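Below is one structure, written out as structure tokens; the observations come after it.
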Amino acid sequence: MTTETTKPEHFIRKILREDLESSKVNKIVTRFPPEPNGFLHIGHAKSICLNFGMAQEFGGECHLRFDDTNPEKESEEYVQSIKSDVSWLGFQWAGEERYASNYFDQLYSWAIELIEKGLAYVCDLTPEQAREYRGTLKEPGVNSPYRDRSIEENLDLFKRMTDGEFDEGAKVLRAKIDMASPNMNMRDPIIYRIRKVAHHQTGDKWCIYPMYDFTHGLSDAIEGITHSICTLEFEDHRPLYDWFIANVTAPAVPRQYEFARLNVNYTVTSKRKLKRLVDENVVSSWDDPRMPTISGMRRRGFTPTSIRNFCEMIGVTRQDSVVDVAMLEYAIRDDLDKNAPRAFCVLDPLPIEITNFDEDAVETLTLAGHPNRDDLATRSVPFTRHIMIDRADFREEANKKYKRLVLGKEVRLRGGYVIRADEVIKDADGRIEKILCTYDAETLGQNPTDGRKVKGVIHWVSATHGKQAEVRLYDRLFNEEAPDRGDVDFLEKLNPESLQVVKGAYIEPSLCEAAPEQRFQFEREGYFVADRFDHATDAPVFNKTIGLRDSWAKIENS
RNA sequence: UGGGGUGUCGCCAAGUGGUAAGGCAACGGGUUUUGAUCCCGUCAUGCGUAGGUUCGAGUCCUACCACCCCAGCCA
């Protein structure tokens, strides 16, 4: 930990600070309100970090509340995955998780209250008719013919809706506000609709379910939420949010604030598009490491810290924006560079025989777990006559820019000796089968004593003591910055090389002890994680999280 | 003239009348047994456009332009 840094004061932070200073509130209470109808993604992470983060920062609390008012689309499975994702990100909600459905009884009596005040009525318009009566963006709507039913009739009809006397769609309860309002949300919005389906939390108790606008603000009021933070598209709903709270005997007056949702280039986050990726088998599942879901990123090897840092880095404003995915990549590299132990893995093995090293000898080298941290455990790496290096690290001839092994030249084996390539052995097709090398026994931990300069360093793994592993190399899913822009379907913009599976990679023996989800830097390659589900000691599987920054690629391609 | 929002560097983003923070990216250079990390440096006479007010404007005023959201019995 370095010295405490003051985080930049975005507008939400400013509002909270001022409300506390002016004693408008004496404790910050926020909430993260997902609908349990899908998996959480990076966009939700921004909201989670904001809501939980602010509460934490100001000594308040944040509730996890499921906005479960549409049982047809929701399920307990999603509830579980959401809870697990929020916890994994490192946040704890105050008390038990809550459900809007916990408040159905209270909400119901408030609906009755609205009817009794002449502020709500039962409407028989069909969905099609309702649409026509609603008007358009530029033309006012027309009052429903059912708008002036008596309070007694409304009470009776609403009761009968509750008792299941009417079919789905036959009747709804609407707030009586203003059909001519320029804000479509105020044109007598629906409060309750009939849905004869079981609810994942309340079972068969109800056949009418409240709508979002009615439920959300009042649930906030019930929970004593002080600041209800949501995304920009709900801005037009704020007058309605306030209306319900003002016209019902609400126990508190929460305020809604809106911020811009997160967009990331080369990425899609709409639920519908993510679902298509899964349904059309573009990816293997919702937690495929290429998915921007929290569970996908977890499997990819992202750390909770890196995601939290990323969310802090991008800020919170009301401007629509598209964050460069390079910032996300920076966040994970930054965390892993500081914390991931180093190890060797040869992805594309090329056999090396060190002709002046004994066939049966095994020299155990002790290597640092991290170049800049001595608190991380060292590891034992066996050095033997037969080793593997990466094919990309050898050339028969090369210019001076190429700092690796070249025929007739020397290179250092990282953490080990300097070797010289003496001879190339090829098969009948001219493919290199093996390199014969000699090592300089005087170069362990020091430069050649005669002053020879060896500038290149490459990684390696003992061919006899190393183990074979499956390594899944992931890259971005899309080739285009804005996959969901334009007329072309986003599935046409897929990166065909977003996954490459390497079966015969060589890993140093110590990596077999890796636990699932343990992260490493494979030196000179990138950051990798032992797969959460598929990795086993006798069948190691690693996922590439992100490569190292690669300035060589720029030189080579220029 | 439907309503509601937003426009500051390639991408995020500070700034709220006193002379354009920071991060990412990019580009130079240094250190380095990871072409990594780290370190140093460069990177907006300019803040959507045009006028205006002012000693002084990204910040105030006026007009315009561009983009986003809203017509689910979804959230």
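Chain naming here is simple, since letters A, B, ... match the order of the sequence lines and numbering starts at 1 in each. Quick caveat: nothing in here was measured; it's all calculated off a predicted structure. Excluded from the calculations below are hydrogen atoms, water molecules and symmetry mates; all remaining heavy atoms, backbone and side chain alike, are included.
Using a 4.0 Å cut-off between a side-chain N of Lys or Arg and a carboxylate O of Asp or Glu, A:R379 and A:E523 qualify as a salt bridge.
Cation-pi geometry between A:R195 and A:Y209 is not satisfied (NZ or CZ under 6.0 Å from the ring centre, within 45° of the ring normal).
Contact annotation: side chain of A:R342 to base of B:U34, donor-acceptor pair present below 3.5 Å. Looking at A:R412, its side chain comes within 3.5 Å of the base of B:U33 through a donor and an acceptor atom. Taking only distance into account, the side chain of A:N183 never meets the base of B:G4 through a donor-acceptor pair shorter than 3.5 Å. You won't find any donor-acceptor pair under 3.5 Å spanning the side chain of A:E525 and the base of B:U34, going by distance alone.
Among the heavy atoms of the strands, none lies under 4.0 Å from A:Y192. Using a 4.0 Å heavy-atom criterion, one finds that A:T317 contacts the sugar-phosphate atoms exclusively.
Between B:G10, B:A75, B:G23, one nucleotide has an atom nearer to the side chain of A:R193 than all others, and that is B:A75. Comparing atom distances between the A:L137 side chain and each of B:G72, B:A25, B:G2 picks out B:G2 as nearest.
B:C67 is paired with B:G5 under the criterion used here, namely a Watson-Crick or G-U wobble arrangement in which both key atom distances are under 3.5 Å. Judged by Watson-Crick or G-U wobble contacts below 3.5 Å, the nucleotide B:A36 has no partner.
In this structure B:G72 sits in the syn conformation; its chi angle is within 90° of 0.
One atom, CZ of A:R404, and another, P of B:A36, lie 11 Å apart when rounded to the nearest Å. Rounded to whole Å, the distance from CD on A:Q319 to P on B:A66 is 19 Å.
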